[in-house]
Amino acid sequence: MTMNKKRSPLTHRSPLGDANGRIAIEEVPFLAMVQLRGTPEVLGDAMLDAMGAELPQSAGTCARSGEASVIWLSPDEWVVIGRA
């Protein structure tokens, strides 16, 4: 019997970067992503209770708690990224 192991489609390309070695991009495979939509008043307390992190309130900001990140997408939209 053959075991089916998860394998990232970018495994053969890691790390990615320029020829001069000035830039390197390394994949973090198999992260879970959850999109949240709602008002900051409602979601803010829920995020603080669930993750111990404040909900980001402005463009280009994020909050971290452990290995999870909450990223601001729009005034009523965030994405939570972390290990499954």
Side-chain angles (χ1 to χ4, degrees):
M1 177 198 251
T2 305
M3 299 283 294
N4 185 8
K5 292 183 180 181
K6 281 185 171 181
R7 184 179 155 176
S8 166
L10 290 178
T11 298
H12 70 287
R13 297 289 310 251
S14 186
L16 301 171
D18 70 344
N20 298 323
R22 295 175 295 180
I23 299 171
I25 300 170
E26 189 171 342
E27 176 193 25
V28 180
F30 310 116
L31 294 178
M33 294 182 7
V34 176
Q35 183 178 357
L36 302 174
R37 294 207 67 159
T39 64
E41 297 79 22
V42 172
L43 292 177
D45 289 341
M47 285 304 298
L48 197 54
D49 289 345
M51 290 183 56
E54 297 283 335
L55 195 63
Q57 296 292 315
S58 59
T61 60
C62 70
R64 291 191 53 89
S65 178
E67 290 190 26
S69 297
V70 183
I71 302 169
W72 185 94
L73 298 178
S74 72
D76 70 344
E77 185 176 16
W78 297 264
V79 65
V80 180
I81 301 173
R83 299 270 176 211

All N/O donor-acceptor pairs, side-chain side in residues 46-62, below 3.5 Å, sequence neighbours left out:
| from | atom 1 | to | atom 2 | distance (Å) |
| --- | --- | --- | --- | --- |
| Gln57 | NE2 | Leu55 | O | 3.2 |
| Thr61 | OG1 | Ser58 | O | 2.5 |

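- The shortest heavy-atom contact between Leu43 and Trp78 is CD1-CZ3, 3.6 Å.
- Ile71 and Met33 end up in the same hydrophobic cluster when Ile, Leu, Val, Met, Phe, Trp and Tyr side chains are linked at under 4.5 Å.
- Listed by chain and residue number, Arg37, Ser74 satisfy the side chain to side chain donor-acceptor pair (under 3.5 Å) test with Asp76 (two or more places apart in sequence, or in another chain).
- Cluster annotation: Trp72 and Val34 are assigned to the same hydrophobic cluster (Ile/Leu/Val/Met/Phe/Trp/Tyr, side-chain heavy-atom contacts under 4.5 Å, transitive).
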request  = Please step through side-chain contact (heavy atoms from CB on, under 4.5 Å) for the pair Leu31 and Arg83, ending with a clear verdict.
outcome  = CA-CA 5 Å; Leu31 294 178; Arg83 299 270 176 211; 4.1 Å; yes

